[in-house]
K.L.:
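There's a structure below that I have some questions on.
Numbers restart at 1 for each chain; the letters A, B, ... are given by sequence-line order, proteins then strands. The structure presented is a predicted model; accordingly, all values stated were derived computationally and were not measured.
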There are 2 protein chains.
Amino acid sequence: MHPDKLGQTIKNRREILAITQKDLAELSGMGLRTLKAIENGKSNPTLETLNKLIDILGMELSIDVRKPKF
Amino acid sequence: MHPDKLGQTIKNRREILAITQKDLAELSGMGLRTLKAIENGKSNPTLETLNKLIDILGMELSIDVRKPKF
DNA sequence: ATAAAAAGTGTATTAAATCGCACTTTTCAA
DNA sequence: TTGAAAAGTGCGATTTAATACACTTTTTAT
């Protein structure tokens with residue numbers, strides 16, 4: 001999960017929920033500037049910041065062993 | 001994914017692979033002190049740090065919509 | 001076309017993640 | 001038992017994520 005892909009994931013989900021960056025930032029209790037940076041893939045967010053976001057977005061973060069492609 | 005659970009996930013996986021904290025830190029290109037803090041749930045790591053770790057551990061991070069329990 | 005809402009940006013400050021060094025504690029095999 | 005390897009900790013330095021303010025650009029609805 002690289003910054004660019006993360007940003008798209010967050011942005012896509014936010015748009016599905018039809019809320020603005022400002023509202024998402026406020027609901028998540030984080031700075032608007034920070035959210036903008038994340039969505040634009042220009043940030044290296046902390047786990048805490050990530051958790052705030054995905055919680056409000058109704059998402060979850062998971063870490064699992066990579067499945068081999070063959 | 002809270003810091004405590006993350007720490008356990010990392011530690012469990014490392015022990016399955018039978019490598020030391022020192023080796024994992026070096027392979028991941030991160031400070032030993034940082035890895036120790038993460039495993040002990042006393043850290044709020046950045047995405048970049050997380051990526052370094054799970055990459056070496058043969059794991060992957062994913063963010064998906066929460067499935068309802070019913 | 002245009003006015004308002006939403007999104008993006010430059011700069012500066014603050015809080016905290018990362019890091020190395022030196023040391024202590026715990027684990028574990030001989 | 002004991003000695004070495006592994007894990008954990010106090011401290012201080014450096015880097016950078018997170019933040020607010022003020023402003024510009026883009027998007028959207030009328």
K.L.:
Just by distance, do the side chain of B:N51 and the backbone of A:M1 share a donor-acceptor pair under 3.5 Å?
P.N.:
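A pair under 3.5 Å: yes.
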
K.L.:
Side chains of B:T46 and A:T46: any donor to acceptor distance under 3.5 Å?
P.N.:
no

K.L.:
Which residues satisfy the side chain to side chain donor-acceptor pair (under 3.5 Å) test with A:E48, sequence neighbours excluded?
P.N.:
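In terms of side chain to side chain donor-acceptor pair (under 3.5 Å), with neighbours along the sequence ignored, A:E48 is linked to B:N44.
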
K.L.:
Under 3.5 Å, which donor-acceptor pairs link side chains of residues 35-42 of chain A to any protein atom two or more places apart or in another chain?
P.N.:
from  : atom 1 : to    : atom 2 : distance (Å)
A:K36 : NZ     : A:Q21 : OE1    : 2.7
A:E39 : OE1    : A:R14 : NH2    : 3.0
A:E39 : OE1    : A:Q21 : NE2    : 3.1
A:E39 : OE2    : A:R14 : NE     : 2.6
A:N40 : ND2    : A:K36 : O      : 2.9

K.L.:
It should be established whether B:N40 places a side-chain nitrogen or oxygen under 4.0 Å from OP1 or OP2 of nucleotide D:dG8.
P.N.:
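Checking B:N40 against D:dG8: at least one side-chain N or O falls below 4.0 Å of OP1 or OP2.
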
K.L.:
Considering only side-chain heavy atoms of A:K36, which listed nucleotide, D:dT9, C:dA7, D:dA18, is closest?
P.N.:
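Of D:dT9, C:dA7, D:dA18, C:dA7 is nearest to the side chain of A:K36.
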
K.L.:
Taking atom P of D:dA18 as reference, at what distance in whole Å does atom CD of B:E48 sit?
P.N.:
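Whole-Å distance recorded here is 12 Å.
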
K.L.:
Rounded to whole angstrom units, what separation is found between the NZ atom of A:K22 and the C1' atom of C:dG8?
P.N.:
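Value for this atom pair: 16 Å.
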
K.L.:
Could you state the interatomic distance from CG (B:L47) to CG (A:L61), rounded to the nearest 0.5 Å?
P.N.:
9.0 Å

K.L.:
Not counting sequence neighbours, which residues clear side chain to side chain donor-acceptor pair (under 3.5 Å) with A:Q8? List them please.
P.N.:
none

K.L.:
Identify each donor-acceptor pair in which a side-chain atom of residues 63-70 of chain B lies under 3.5 Å from a protein atom, sequence neighbours left out, and give them as a table.
P.N.:
from  : atom 1 : to    : atom 2 : distance (Å)
B:R66 : NH1    : A:M59 : O      : 2.8
B:R66 : NH2    : A:D55 : O      : 3.4

K.L.:
Measure from CD1 on A:I38 to P on D:dA17 and round the result to the nearest Å.
P.N.:
11 Å

K.L.:
In whole angstrom, give the distance that lies between atom CG of A:D23 and atom C1' of C:dA5.
P.N.:
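It is 11 Å, rounded to the nearest whole Å.
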
K.L.:
Please enumerate all residues that pass salt bridge (Lys or Arg N to Asp or Glu O under 4.0 Å) together with B:E60, with sequence neighbours excluded.
P.N.:
none

K.L.:
Using only side-chain N and O atoms of A:T20, determine if any of them is under 4.0 Å from OP1 or OP2 of C:dA5.
P.N.:
no

K.L.:
Check for me, please, whether A:L32 and A:L27 land in the same ILVMFWY cluster - side-chain distances under 4.5 Å, paths through other members count.
P.N.:
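Each belongs to a different hydrophobic cluster.
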
K.L.:
List for me each residue that meets side chain to side chain contact (heavy atoms under 4.5 Å, CB included) alongside A:S28, sequence neighbours excluded, and say none if there are none.
P.N.:
A:L24, A:M30, A:K52, A:L53, A:I56

K.L.:
Write out a two-atom table: protein N or O, nucleotide N or O from nucleotides 19-21 of chain C, distance below 3.5 Å.
P.N.:
from   : atom 1 : to    : atom 2 : distance (Å)
C:dC19 : OP2    : B:G31 : N      : 2.8
C:dC19 : OP2    : B:T34 : OG1    : 2.8
C:dG20 : O6     : B:R33 : NH1    : 2.9

K.L.:
In whole Å, I'd like the distance from the CD atom of A:Q21 to the P atom of C:dA7.
P.N.:
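Nearest whole value for this atom pair: 4 Å.
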
K.L.:
Using atom names, set out every protein N or O paired with an N or O of nucleotides 24-30 of chain C below 3.5 Å, distance rounded to 0.1 Å.
P.N.:
none

K.L.:
Using side-chain contact (heavy atoms from CB on, under 4.5 Å), reason through B:L50 and B:L6 one step at a time and then give a plain yes or no.
P.N.:
CA-CA 10 Å; B:L50 230 40; B:L6 170 70; 3.7 Å; yes

K.L.:
Does anything in residues 4-13 of chain A pair up under salt bridge (charged side-chain N to carboxylate O under 4.0 Å, His left out), and if so which pairs, sequence neighbours excluded?
P.N.:
none

K.L.:
How many whole angstroms separate atom CG of A:L24 from atom P of C:dA7?
P.N.:
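Value for this atom pair: 10 Å.
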
K.L.:
Could you check how far CD of A:E39 sits from C1' of C:dA6, rounded to whole Å?
P.N.:
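After rounding, the reported distance stands at 11 Å.
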
K.L.:
Look at B:K42 and D:dG8 and indicate whether a side-chain polar atom (N or O) is within less than 4.0 Å of OP1 or OP2.
P.N.:
no

K.L.:
Has A:T46 got a side-chain N or O lying under 4.0 Å from the OP1 or OP2 atom of C:dA16?
P.N.:
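False: A:T46 side-chain N/O out of range (4.0 Å or more) of C:dA16 OP1/OP2.
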
K.L.:
Let's see if you get this right: which residues in residues 3-19 of chain A place a heavy atom under 4.0 Å from DNA chain D?
P.N.:
none

